[in-house]
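Each remark here refers to the structure printed beneath this line.
Computed from a predicted model, the values in this text were never measured in an experiment. In what follows, chains are A, B, ... by sequence order, proteins preceding strands, each numbered from 1.
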2 protein chains.
Amino acid sequence: MIELGQLEQLVAVAECGTLSKAAEQLHLSQPALSRSIQKLEEELQVTLFERQKNKLSLNPCGELTVEHAKKVIGQSRDLVERVRAFERRQRTVSVGSCAPAPLWDIVPLLSALYPEMTISSEMKSNDRLLQGLGDGTYQMIVLPEPIQQPGIHCVRYGEEQLYFSLPPAHPLSGAKALHLKDLDGETMLLLSQIGFWHEMHREKMPNTHFLVQEEDFAFNELVRASALPSFTSDLAIKREGNASNRVMIPILDPEAHATFYCLCRADEEKKLSAFFRRIESPAWKPS
Amino acid sequence: MIELGQLEQLVAVAECGTLSKAAEQLHLSQPALSRSIQKLEEELQVTLFERQKNKLSLNPCGELTVEHAKKVIGQSRDLVERVRAFERRQRTVSVGSCAPAPLWDIVPLLSALYPEMTISSEMKSNDRLLQGLGDGTYQMIVLPEPIQQPGIHCVRYGEEQLYFSLPPAHPLSGAKALHLKDLDGETMLLLSQIGFWHEMHREKMPNTHFLVQEEDFAFNELVRASALPSFTSDLAIKREGNASNRVMIPILDPEAHATFYCLCRADEEKKLSAFFRRIESPAWKPS
DNA sequence: CACAATTACGAGGGTCGTAAAAATG
DNA sequence: CATTTTTACGACCCTCGTAATTGTG
């Protein structure tokens, strides 16, 4: 039986041009490679090289063999890649979310419920999420609205309320509640990884100058150190505590309030049943 | 590195359902196969089977692997096949002819000129021959007419004259020459392997009842033992001598005279140059 | 004389088979 | 108790590397 190792050796010789160089590349002694090639020719019952005592060069038959060998080798590499990728996917739950807050609870919860699984998560636009749910990129997605579709399982997850985070010296820091337009036109700090909330900011506060921060740490430092207004939410406050020297003022616009829904494909609902049972139970509250 | 042998073993286990049966099929002890499979899983870094102490069954990942393994194995078999076929073709000259007589000389001549080559020959219709010359099935063909085409090399080879072979007792056995229609309507012996001559018989002797013989030996026996008229030709007479107790009478119809031409693709003319030089030399005569 | 391929030969590793163990229906 | 898988162990074959040979530019 012909073996992949032999084909690799043949290709190496073909590409190096000489046995010695190929042997070096293959971490093999040159005599060993010489024998291997001879054995390959024996098993194929075909001579692949022109022998000129001192030189070895592919004959037409050898060139054809190399050509096919590359295909076979490529396909075998492909096999390994695909199988490993498949296995990895079997062992991972991919979650896509429209906003960061739901992931704060969902990822740890999934980790706890499926300890042998890898949990991967990312944020994307609603469109991308739905598409990814369909094509298998995600096993579960979080949207700010319910989807009623055959083949899709949809469960209400929780809510999030947006707040302004103002320094006490701000003129509006005494207000009980505000609208988005009340601060429109000012300069505000904003995190970049906030998912679908970005749309709202663009639409309802078109005149605001946002200083967008990529990093969580940098954002928090600026919030503490500067007098610039920024955003937060009930979930963020629960998670990180009240930022020192900041006043949190709820935002009255309906767009500043989100209700999140967890969706998965109906044919994968069973695998995630433990998760859905948990978030559907009366005891469940986003912490 | 993963090897084809391991993939074959995997496929065998998948198809046999059990290690023992697969081991038997592979002419291998069952423990050895058990280890090989384990090693494959190790190298893939993936478990392929569900282990139930007593039973071994493919998991989804294993099924995927088997699927791809079959492809790789198939492609490697294909490699061997193609390479061997290519090598065989490198070492053979395939000749196609419209009639048997030219091959009597051409095949031995090619064998003598190219002693390291295998000469293969067969008879086909003119259409098939031309097609086969184009697609590489034949390196050379023999037609009863010249072809003037760019990319095709065409050389006159020789001629053949058809004769009636009559028993002395036949009413026409005294004639100096005859036409085909003179014997139309009688019962005649005919060889099956006569190439394009068949068309002529069908067209010019539509009322004749032909007793077609598949075998050369049977035909000759019947010619000797019976009083049935048959055909022969100048080339056949030169080759086999005058059949005892038969009168050979030339046939006057132009269709009973053939001029043969040897054709090859212009891009292969060089390989066959020795042959063409020979048949173009003034000394050449079909023996 | 450096470099390339082949042949010879001894050592080491890997794979095989036999034997034994564990588990199942 | 027959069947199946896995582990243990010793033997053997195969391939490797070193060394030597031959041939070339």
Check: Looking at DNA chain C, which of residues 34-44 of chain A put a heavy atom within less than 4.0 Å of it?
Finding: A:S34, A:R35, A:Q38
Item checked: Nucleic acid footprint by protein, nucleotides 19-25 of chain D - heavy-atom cut-off 4.0 Å, B for base, S for sugar-phosphate alone -> B---BB-
Note to self: In this structure, how many angstroms lie between the P atom of D:dC14 and the CD atom of B:E3, rounded?
What the structure shows: 16 Å
Next item on the list: Between B:K21 and A:A32, just flag the one whose closest nucleotide in DNA chain D comes earlier from the 5' side.
Entry: B:K21
Notebook entry, point to check: Atom CD of A:Q6 to atom P of D:dC14: distance rounded to whole Å?
Noted result: 13 Å
Check: Only one of A:L48, A:L33, A:I73, A:L44 forms a side chain to side chain contact (heavy atoms under 4.5 Å, CB included) with A:L10, so which one is it?
Finding: A:L48
Next item on the list: Check salt bridge (Lys or Arg N to Asp or Glu O under 4.0 Å) between A:K271 and all other residues, then give those that pass, not counting sequence neighbours.
Entry: A:E268
Next item on the list: Could you verify whether a donor N or O on one side chain and an acceptor N or O on the other, from A:S34 and A:Q38, lie under 3.5 Å apart?
Entry: yes
Item checked: Interatomic distance, A:L33 CG vs D:dT15 P [rounded to whole Å] -> 13 Å
Next item on the list: List for me each residue that meets side chain to side chain contact (heavy atoms under 4.5 Å, CB included) alongside A:P108, sequence neighbours excluded, and say none if there are none.
Entry: none
Item checked: For B:R278, salt bridge (Lys or Arg N to Asp or Glu O under 4.0 Å) partners two or more places apart -> none
Item checked: Residue pairs fulfilling salt bridge (charged side-chain N to carboxylate O under 4.0 Å, His left out) with at least one residue in residues 15-28 of chain A, sequence neighbours excluded -> A:E15-A:K70
Next item on the list: Not counting sequence neighbours, list each pair that qualifies as a salt bridge (charged side-chain N to carboxylate O under 4.0 Å, His left out) and has a residue in residues 75-89 of chain A.
Entry: A:E8-A:R77, A:D78-A:R82, A:E87-A:R91
Notebook entry, point to check: Along DNA chain C, 5' to 3', what are the outermost nucleotides having an atom less than 4.0 Å from a heavy atom of chain B?
Noted result: C:dT15 to C:dT24
Notebook entry, point to check: Going by the ring pair (Phe, Tyr, Trp, His ring centres under 6.0 Å) test, which pairs reach into residues 102-156 of chain B, not counting sequence neighbours?
Noted result: B:H153-B:F276
Next item on the list: Answer yes or no: does atom CZ of A:R265 have more than 12 heavy-atom neighbours from other residues, nucleotides or ligands under 6.0 Å?
Entry: yes
Item checked: Axial bend angle, the helix from C:dC1-D:dG25 to C:dG25-D:dC1: five-pair end segments, nearest 10° -> 20°
Item checked: Mutual orientation of the aromatic rings belonging to A:F196 and A:F260 [parallel < 30°, tilted 30-60°, perpendicular > 60°] -> perpendicular
Item checked: Qualifying salt bridge (charged side-chain N to carboxylate O under 4.0 Å, His left out) pairs with a residue from residues 106-126 of chain A, counting only residues at least two apart or across chains -> none
Check: How about B:Q131 and B:D135: do any of their side-chain heavy atoms sit closer than 4.5 Å?
Finding: yes
Margin query: Quick test of your reading: applying salt bridge (charged side-chain N to carboxylate O under 4.0 Å, His left out), list the pairs with at least one residue in residues 44-60 of chain B, sequence neighbours left out, ordered by first then second residue.
Written below: B:E41-B:R51
Notebook entry, point to check: With sugar-phosphate meaning primed atoms plus P, OP1 and OP2, does B:S20 contact a base, only sugar-phosphate, or nothing at under 4.0 Å between heavy atoms?
Noted result: sugar-phosphate
